[in-house]
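On a predicted model such as this, the values are computed, not experimentally measured, just so you know. Just so you know, these numbers use all the heavy atoms, side chains as well, and skip hydrogens, waters and symmetry mates.
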Amino acid sequence: MLQVSYIRDNREQVLERLAVKNFKQPQLVDEIIKLDDNRRSTQTSMDNVSAQANAAAKQVGELMRTGKKAEAEELKSTTGAWKEEIKNLGEQLNAIEEELQQKLVLLPNLPHSTVPKGITPEENEIVLENGAIPALPATALPHWELAAKYNLIDFELGVKITGAGFPVYKGKGAKLQRALINYFIDEAEKAGYGEVMVPLLVNEASAYGTGQLPDKEGQMYFAGVDNLYLIPTAEVPITNMYRDVILKAEELPVKNCGYTPCFRREAGSYGAHVRGLNRLHQFDKVEIVQVAHPDRSYEMLEQMSLHVQGLLQKLGLRYRVLRLCGGDMSFASALTYDMETWSAAQQRWLEVSSVSNFESFQSNRLKLRFRNAEGKTQLAHTLNGSALALPRIVATLLENNQTETGIKIPDVLVPYTKFDWID
RNA sequence: GGAGAGGUGUCUGAGUGGUCGAAAGAGCACGCCUGGAAAGUGUGUAUACUUCAAAAGGGUAUCGAGGGUUCGAAUCCCUCCCUCUCCGCCA
């Protein structure tokens, strides 16, 4: 959520930035400013009447104490009109604030100045490409066939137990999952991210805090009896640890990492591109999250991007980094890098990580602040990234490392898997 | 699931109708003291909105949330939420 004061002070710039994000309702900006004007004047009127009423109440007390009952009674009789007015103004104010809030949550975050214009994924900017293109045998298989051939993942069994998109990992397939999780967590800790293990269900306030509500309600599984949402990403519980928190400036940046399963309904996305591990309803992910000083958040974003790239390099995967264009970015992000690995058997790029700076868009909702050099509270910046999401990493690893005789495990993972071949 | 207790500032904790944004202590910050530190001592120490060109200053709101009674509510009444304890069940 953008800050109203910022919108007021930078109207032109806000409109210009929203256009980069291809935002369709620029009139909202002026509507918001107008509502805020209205809010202010109503608030001022109400405060003035309240001040009068408060003063009178104090005076009544004083008169009673000094025994001037008649005067007190007289004063009492005059306060009725004020009460009525305060009530009316209060109702008006509530209505205005509600409408303002409703419009405010419709505005996406403003894209950073380096975000390219564009609408479709094709217009994303390729920042760099790295790693060798694997040479596969002519008999190379896509991962879902490899998974079946080596008995690593049973998609059908998952359908029986739960439904499509909930695979069962078996044997070395299951061990590979655990190995990757532990490897990613260890690497994140080495990079200074403190590990946390968080709840997989969150309440409404948390879902709202990171922006899943109100707009993306349909994406989350919902446990209605207890009013809890299954997390679509660890970002939600981890970032919400800092909801309503005022940090000291010297505590920044706060760096956390955590492993969780992630649950996404992915309503309406079916087809050839979502076969196998390409898109699941439940998947595993290690997330890195930072709360940063506004002056340094972009530096931190680069640091996070390099961390993710380091993982891909160590796993020996060919990857590329994209700077998302305005139209392809998420609602809450100011700048997003997507990392994609090259799936040699599917002959396509697969998104395995997304690293974003949300600036103060989330922290404004979360009321996540720090005390700045002047001793005043200021909104902190929040960032997060996948480091990494497992399924497409597994897909690429299986496909790119396949040989006639089996699948080679990358050296860095062998201490975790305790085996170096799947055969 | 049954029964009970309770939600006050960074924390502990007082406060049952006015002088309460709130005692006291702890913590923290700054100063004094000291060769330096501890102890001691002094001062300060919530958040948001608003007014003001800005600062200073002023106003309003907030003692779990919402509503009510009253000239006036942390304090009384109602509804909801949450936490804790005991019992039951249980990984």
Side-chain angles (χ1 to χ4, degrees), chain A residues 1-11 32-101 103-104 197 199-209 213 223-229 237 240-252 254 261 291 360 362-380:
Chain A
M1 194 164 66
L2 296 172
Q3 294 180 84
V4 183
S5 57
Y6 184 85
I7 298 173
R8 296 183 70 98
D9 297 345
N10 304 276
R11 178 179 172 276
I32 284 167
I33 293 174
K34 204 172 165 193
L35 275 168
D36 191 53
D37 285 338
N38 209 342
R39 184 193 118 256
R40 287 180 179 210
S41 59
T42 309
Q43 166 111 47
T44 304
S45 312
M46 190 171 90
D47 285 356
N48 288 338
V49 181
S50 297
Q52 286 180 55
N54 285 347
K58 213 168 232 180
Q59 217 182 329
V60 169
E62 188 60 32
L63 291 170
M64 296 289 252
R65 203 168 313 107
T66 53
K68 297 174 182 165
K69 269 198 170 169
E71 284 178 53
E73 287 303 323
E74 198 188 326
L75 193 54
K76 271 194 201 180
S77 61
T78 64
T79 58
W82 286 334
K83 258 182 96 173
E84 191 66 22
E85 204 178 340
I86 291 169
K87 198 178 173 187
N88 287 339
L89 286 168
E91 277 165 11
Q92 272 180 47
L93 189 62
N94 281 342
I96 292 166
E97 279 178 345
E98 199 173 309
E99 196 184 344
L100 180 60
Q101 182 71 8
K103 300 211 182 212
L104 214 45
M197 232 181 201
L200 307 182
L201 284 88
V202 295
N203 57 31
E204 207 176 320
S206 294
Y208 181 81
L213 294 180
V225 178
D226 294 297
N227 229 342
L228 297 172
Y229 294 86
N240 269 283
M241 297 195 302
Y242 301 97
R243 172 155 46 88
D244 290 318
V245 167
I246 300 175
L247 294 160
K248 293 177 186 153
E250 59 267 28
E251 290 178 290
L252 301 175
V254 175
V291 181
S360 59
Q362 286 183 330
S363 56
N364 190 28
R365 281 201 200 183
L366 290 162
K367 295 203 180 68
L368 163 50
R369 292 158 292 177
F370 70 100
R371 217 168 281 285
N372 63 24
E374 290 96 60
K376 292 190 174 165
T377 58
Q378 186 181 342
L379 293 175

Could you tell me how far apart A/Gln3 (CD) and B/A48 (C1') are, to the nearest whole angstrom?
13 Å

Check: A/Asn227 and A/Asn203 side chains under 4.5 Å, non-hydrogen atoms
no

What is the distance from NZ of A/Lys69 to P of B/C71, rounded to the nearest Å?
15 Å

Side chains of A/Gln3 and A/Asn364: any donor to acceptor distance under 3.5 Å?
no

I'd like to compare against my own output: the B/S/- annotation of nucleotides 6-12 of chain B with a strict under-4.0 Å heavy-atom distance to protein.
-------

Can a donor-acceptor pair be found, under 3.5 Å and without considering hydrogens, that links the side chain of A/Ser206 to the backbone of A/Val202?
no

Would a 4.5 Å heavy-atom cut-off, applied to side chains only, mark A/Lys83 and A/Lys87 as touching?
no

Considering Watson-Crick and G-U wobble pairs with both distances under 3.5 Å, what does B/A24 pair with?
B/U12

Whole-angstrom distance between B/C84 and B/U12, as gauged at atom P:
14 Å

Identified pairing partner of B/G17, criterion: Watson-Crick or G-U wobble below 3.5 Å
none

Per nearest nucleotide of RNA chain B, the residue lying toward the 5' end, A/Ala56 or A/Gly61, is A/Gly61

Per-pair distances, 0.1 Å, donor-acceptor, side chain in residues 68-79 of chain A, under 3.5 Å, sequence neighbours excluded:
residue, atom, partner, partner atom, Å
A/Ser77, OG, A/Glu74, O, 2.6
A/Thr78, OG1, A/Leu75, O, 2.6
A/Thr79, OG1, A/Lys76, O, 2.8

Any strand counts, and the cut-off is 3.5 Å on both contacts for Watson-Crick or G-U wobble. Which nucleotide pairs with B/A91?
none

Distance test, side-chain N/O of A/Arg369 to OP1/OP2 of B/A46, below 4.0 Å:
no

Rounded to whole Å, CG of A/Asn364 lies from P of B/A48 at a distance of 12 Å

If I pick the P atom on B/C77 and the same atom on B/G17, what distance separates them, to the nearest angstrom?
12 Å

At under 4.0 Å between heavy atoms, which parts of nucleotides 56-70 of chain B does protein reach? Answer with one letter per nucleotide, 5' to 3': B base, S sugar-phosphate only, - none.
---BSS------S-B

Taking atom CG of A/Asn54 and atom CD of A/Gln52, what is their separation to the nearest 0.5 Å?
10.5 Å

Sticking with atom P, work out how far B/A23 lies from B/A46, rounded to a whole angstrom.
11 Å

Under a 3.5 Å limit for both distances, which nucleotide forms a Watson-Crick or G-U wobble pair with B/A46, could you say?
B/U62

A/Ile246 CD1 to B/C28 P, straight-line distance once rounded to whole Å
19 Å

Is A/Arg40 close enough to B/C49 that one of its side-chain N or O atoms is under 4.0 Å from OP1 or OP2 there?
no

Could you check whether A/Thr78 gets within reach of a base, just the sugar-phosphate, or nothing at all, counting any heavy atom under 4.0 Å?
nothing

If the C1' atom of B/G59 is compared with that of B/G67, how far apart are they to the nearest Å?
25 Å

Mind calculating the distance between CG (A/Asn227) and C1' (B/C82) to the nearest angstrom?
14 Å

Donor-acceptor check, side chain of A/Glu91 to backbone of A/Asn88, threshold 3.5 angstrom: yes or no?
no

Pairwise P distance, B/C78 and B/C89 [rounded to whole Å]:
35 Å

Close side-chain approach of A/Glu251 and A/Phe370, heavy atoms under 4.5 Å
no

A/Ser363 side chain to A/Ala380 main-chain N or O, any donor-acceptor pair under 3.5 Å?
yes

Given the C1' atoms of B/C32 and B/A73, what is the spacing between them in whole Å?
43 Å

Between P on B/C28 and CZ on A/Arg371, what's the gap in Å once rounded to a whole number?
16 Å

So, does A/Arg39 get its side chain near the phosphate of B/U50, meaning an N or O under 4.0 Å from OP1 or OP2?
yes

Side chains of A/Asp36 and A/Ile7: closer than 4.5 Å at any heavy-atom pair?
no

Provide the distance between the two P atoms, one in B/U75 and one in B/G15, to the nearest whole Å.
15 Å

Rounded to whole Å, the CG-P distance (A/Asn372 to B/U47) equals 12 Å

Could you say whether A/Thr79 or A/Thr44 is positioned toward the 5' end of RNA chain B, judged by the nucleotide with the nearest heavy atom to each?
A/Thr44

I want to check something: taking the side chain as every heavy atom from C-beta on, are A/Val245 and A/Leu247 in contact at a cut-off of under 4.5 Å?
yes

Base paired to B/G72 (Watson-Crick or G-U; both N/O distances under 3.5 angstrom):
none

Hey, does the side chain of A/Asn10 reach the backbone of A/Tyr6 with a donor-acceptor pair shorter than 3.5 angstrom?
yes

Nucleotide opposite B/A3 in a Watson-Crick or G-U pair, distances under 3.5 Å:
B/U85

P-based separation of B/C49 from B/A55 [nearest Å]:
13 Å

Separation of A/Lys248 atom NZ from B/G27 atom P, in whole Å?
14 Å

Counterpart base for B/A37, defined by Watson-Crick or G-U wobble contacts under 3.5 Å
none

